[in-house]
Every structure is written in structure tokens, then in C-alpha cells.
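Quick notes on the structure that follows.
Positions are given from 1, in the same order as the sequence printed here. Scope of the values below: all heavy atoms of this structure, side chains included, with no hydrogens, waters or symmetry mates.
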Amino acid sequence: MQKVAIAGIGFMGWIHWLAYQQIPNVKVVAIATPEPDRQAGDWTSIQGNFGPPGEKVCLDGIAVYGSLDQMLADPAIEIDLVDVCLPPALHADAIVAATSSGNHVLCEKPLALKLDQCDRAVDSASSNQVRLFVGQVLPFFTEFQFAFDKIKSGEFGKLIGGSFRRVISDPQWLPKFYDPDVIGGPLFDLHVHDAHFIRLLFGMPLGVFSAGRHRNGVVDYCHSLFKFDDPEVVVHSTTGVINQQGRPFTHGFEIHLENGTLQFDFQGFSDTPEMMPLKILNADGSVTRPELGDGDPVLAFVREIKEVVHCLEQDQSSEILGGRLARDAIEICELQSRSVTSGKYQPAG
């Protein structure tokens, strides 16, 4: 039985809590949150952009703390995994504190907002000989998981490129969204999903050229072209914010392989969401429309946390959720930001 402590009971803490309820051999034994109502189990004020709203939860038998530091300092509590669901600016310090106490860590994305903070977190896990997992959940969503599995299988031959899109309406309810030291803006809060997926599929790019707009010095919207060792590999991304509120969210991809193309698109319009379900365009001209089952986004987090539990039980790292991969995603976002600002190609490393 893996004993878990959740640090931070906001939207992501709530989603992780729901996921843990569906996973055997894991138990939430502690939470840390400064809000008195949430310490008492009243989570009804929690709202998000998917999943059910917060509810009143029973915390009987669960240790409750006002902060992560208080929780880590209590010798009476036994913890295997600290699940960090705090605001992004607090991630690195929380990881260092938890790993220095000998705990494995699952940290919600992004790993941190600055590359040096990422390196500090990854190094702390390594030096303390514990596992660090980062909740880059995108590869566990059904369409992206299907694409990843098909690419790994080699069924459609060599991976030769792709285009990835993730755009939201201006999140006016987040006053610190464009603060580089709090949330980081669209690249670090939104595009980091695709940066991680691109890194997972194609490896680390040699560099990137991005063109886009700024808002208060933070990249607001951009197109990016990634350069890889193989000149035949062509990868592009679009990410950012539009000012109109009629389409709060959209994402999709077109992934090119030698003998097939994978295509998926979702448009979350405020009146009626529209989806082009995942399709395979085959070399013989036919189109395959695979059945992907329940698209409940909470199930992606269930699959993600099952991966973490499996790795802990087997004492192994995760191909998808490793800290160094998440660190590279932040480096990619930093390269894109510098490219937009400078108007020049930015090499990695």
C-alpha cells in the first residue's frame, strides 16, 4: 500500500484526490492546505475547467496540516509519496523539501517556472535517491495515449513530423496568469503540455524559431518551428491566448509517419463544443476511426497516477513522467520565449 500526502487542495489537488479514490493499493493519509474550510473537508468552493466541482469530503483518518513543512516535520505520519499540487512558483521549493525528507514526489506540471529551479528539483531527487514524477498528464488522455502507443509500436513506420495546437481564451479569472514569477503565461502554463509531448516523441530539439506577440513582456501567442538532427523531421506548434471568450479552449494534432497520419481536433466553443475524433489516414487511402472509449478527463489522471504507483512498486523510473523530461519541456518553453523576444533562432544547450 502506497501512502500519499497531498500538498495543496485547489483544483488540481481535488482532481488528484478523485483519481486516488479509483486506484487500489494507494491511500491518501494526509493533506496540507492553509484554508480552514478545506482543512475541515469543505471543498465546495473549488472550481475548474473540467471534471466535477468540489464537494464536501470526509477526512476521517486523514492527518490535516496547514503547510507542507508542518506535514514533513511530523514524525508520527508515514508517507511514501508527496503529491505537490501547489501553485507553480512553489513547486521547486516543495520538491526539494519533500525529497530532502526522503519522500518520493509527484509534482503537478509545470516542474517549475525557471530552468535553474527545475535543475535544483531534479538534482535534489537524485542526490536523495528518491523518485521524482511530474504530472505531465497529456500522454494519458485517450487521443494522445493512442498516438504515443502507435508511434512506439512502429506500425506506421518512421515518425517524420507533426503539428500541435493549444489555444485558450484570455483567462480573465487568473489575475497573475501573465506574471512570469507566479504562473508564467501561456507557454509555461499551457504549451508546456505540447512541449513535453514533442520532447517525448521526437527527442530534444536542436533549437527553435518562434514568432509571436507579447503581453506585459510575457509571450501571449506564438508559432514555433523546431529543428532536429534529422532534417526530414518537421515539427510545428501554435499556442497562446485569444481575446474573444467564445472558444475557451482548443487543442489538436496532426502527426506524420511514413505510412500513416494521425489527426485529432477539439474545439471547446462556449455554445456547443465540437470534436473531430482521432482518425488514421492510411497509406492505401483509407481512413480508420478507432474507438477510444470514455473521454472523461479525470480518467487521464487516474492512468497517470497508476503509472506512478506502478513505478514505485517496481522501483523503476517512468518513461513519460520523469523529472528530466519535464525539465527539458521548460527549456523548450524558455527557448521559444527568447526567440519571440529576439526575433532570432534559439539553439538548445
- What is the ring orientation for F228 with F226, classed by angle as parallel under 30°, tilted 30 to 60°, or perpendicular over 60°? tilted
- Identify the two heavy atoms, one from H223 and one from T238, that lie closest to each other, and give their separation to 0.1 Å. ND1-OG1, 2.8 Å
- Message: Would you say CD of Q129 has more than 12 non-hydrogen atoms from neighbouring residues, nucleotides or ligands within 6.0 angstrom?
- Response: no
- Least distance between heavy atoms, V208 atom then S224 atom: CG2-CB, 3.9 Å
- Query: Between CD of E304 and OG of S318, what distance do you get to the nearest 0.5 Å?
  - Reply: 9.0 Å
- Does V192 reach the side chain of L111, with side-chain heavy atoms less than 4.5 Å apart? no
- Query: In terms of hydrophobic clusters joined by side-chain contacts under 4.5 Å, are V167 and M275 together?
  - Reply: no
- Report yes if some heavy atom in the side chain of R213 is under 4.5 Å from a heavy atom in the side chain of V219; otherwise report no. no
- Task: Using the rule that two of Ile, Leu, Val, Met, Phe, Trp, Tyr join whenever any of their side-chain heavy atoms come within less than 4.5 Å, decide whether I62 and V82 are in one cluster.
- Result: no
- Message: Tell me whether F148 shares a hydrophobic cluster with F266, the cluster being built from Ile, Leu, Val, Met, Phe, Trp, Tyr side chains joined at under 4.5 Å.
- Response: yes
- Item | Close aromatic pair by centroid cut-off 6.0 Å: F264 and H251 | yes
- Message: Quick test of your reading of the model: are K152 and E319 salt-bridged, counting only N-O distances below 4.0 Å?
- Response: yes
- Query: Can you check whether R166 reaches F249 side chain to side chain, under 4.5 Å on heavy atoms?
  - Reply: yes
- Say whether, by atom type as modelled, one donor and one acceptor occur between the side chain of E254 and the main chain of D265 under 3.5 angstrom. no
- Task: Look only at the side chain of N216 and the backbone of V218, and say whether a donor-acceptor pair between them is shorter than 3.5 Å.
- Result: no
- Task: Please tell me if the side chains of C333 and H191 come closer than 4.5 Å, counting only heavy atoms from C-beta onward.
- Result: yes
- Note on the structure: Here the gap from I330 atom CD1 to H196 atom NE2, rounded to the nearest 0.5 Å, amounts to 10.5 Å
- Do the side chain of Q245 and the main chain of D170 share a donor and acceptor less than 3.5 angstrom apart? yes
- Task: List the atom of A195, the atom of I332, and the distance in Å for their closest heavy-atom pair.
- Result: O-CD1, 3.8 Å
- Query: So, F144 versus F197, ring centres under 6.0 angstrom or not?
  - Reply: yes
- Query: Side-chain heavy atoms under 4.5 angstrom apart, residues restricted to Ile, Leu, Val, Met, Phe, Trp, Tyr: same cluster for L325 and L312?
  - Reply: yes
- Nearest atoms (heavy-atom pairs only) where V26 meets M1: N-SD, 3.3 Å
- Query: D296 and V302: side chain to side chain contact (heavy atoms under 4.5 Å, CB included), yes or no, with the steps?
  - Reply: CA-CA 10 Å; D296 180 358; V302 173; over 6 Å; no
- Between atom OG1 of T261 and atom CG of L257, what is the distance when rounded to the nearest 0.5 Å? 7.0 Å
- Donor-acceptor under 3.5 Å (Q267 side chain, E274 main chain): no
- E155/K150 salt bridge by N-O under 4.0 Å criterion: yes
- Here the gap from D74 atom CG to D69 atom CG, rounded to the nearest 0.5 Å, amounts to 12.5 Å
- Message: Does atom CD (E78) have a neighbourhood of more than 12 heavy atoms from anything else shown, all under 6.0 Å?
- Response: no
- Kindly give the heavy-atom pair with the smallest separation between P248 and F269, and that separation in Å. CD-C, 4.2 Å
- Query: Can Y221 and N243 be counted as having a side-chain donor-acceptor contact under 3.5 angstrom?
  - Reply: no
- For K306 and F140, run side chain to side chain contact (heavy atoms under 4.5 Å, CB included): C-alpha distance rounded to whole Å, both residues' side-chain angles, the deciding distance at 0.1 Å, then the answer. CA-CA 10 Å; K306 282 183 176 179; F140 296 93; over 6 Å; no
- Got a sec: does the NZ of K227 have more than 12 other heavy atoms crowding it under 6.0 Å? no
- Message: Working to the nearest 0.5 angstrom, can you tell me the gap between L138 CG and Q145 CD?
- Response: 11.0 Å
- Message: Would you say L86 ends up clustered with M71 if hydrophobic residues are merged whenever their side chains have heavy atoms under 4.5 Å apart, either directly or through other cluster members?
- Response: yes
- Electrostatic pair R165:D194 at N-O distance under 4.0 angstrom: no
- From V57, D83, V4, I46, residue fulfilling side-chain contact (heavy atoms from CB on, under 4.5 Å) relative to W17: V57
- Item | Test item: K3 and I79 side chains (from C-beta on) under 4.5 Å apart, heavy atoms | no
- Task: Report the C-alpha distance between V105 and V130 in whole Å, list the side-chain angles of each, state the deciding distance to 0.1 Å, and finish with yes or no for side chain to side chain contact (heavy atoms under 4.5 Å, CB included).
- Result: CA-CA 8 Å; V105 172; V130 293; 6.0 Å; no
- Query: Short question: side chain of K109, backbone of D189 - any donor-acceptor pair under 3.5 Å?
  - Reply: yes
- How about E232: does its CD atom have over 12 heavy atoms from other parts shown lying under 6.0 Å from it? no
- Message: Between R38 and S45, is there a side-chain donor-acceptor contact under 3.5 Å, judged purely by atom types and distance?
- Response: yes
- Message: Is the shortest side-chain heavy-atom distance between I15 and V298 below 4.5 Å?
- Response: yes
- Any side-chain donor paired with an acceptor under 3.5 Å for H104 and Q2? no
- Task: Tell me, with the steps shown, if K176 and D181 meet salt bridge (Lys or Arg N to Asp or Glu O under 4.0 Å).
- Result: CA-CA 9 Å; K176 298 290 187 178; D181 298 318; over 6 Å; no
- Message: Using a 3.5 Å distance criterion without hydrogens, assess whether the side chain of S124 forms a donor-acceptor pair with backbone atoms of R120.
- Response: no
- Item | Close side-chain approach of W14 to W43, heavy-atom, < 4.5 Å | yes
- Query: Considering all heavy atoms of both residues, which atom of I6 and which atom of C85 are nearest to each other, and what is their separation?
  - Reply: CG2-SG, 4.4 Å
- Task: Decide side chain to side chain contact (heavy atoms under 4.5 Å, CB included) for L132 and R327; before the verdict, give the C-alpha distance in whole Å, the side-chain angles of both, and the deciding distance to 0.1 Å.
- Result: CA-CA 11 Å; L132 171 59; R327 175 256 181 224; over 6 Å; no
- Query: Taking the side chain as C-beta and beyond, is there a heavy-atom pair between Q336 and S237 under 4.5 Å?
  - Reply: yes
- Query: How far does CG of L262 sit from OG1 of T288, to the nearest 0.5 angstrom?
  - Reply: 10.0 Å
- Could you tell me whether the side chains of D284 and S286 share a donor-acceptor contact shorter than 3.5 Å? yes
- Short question: side chain of R324, backbone of V122 - any donor-acceptor pair under 3.5 Å? no
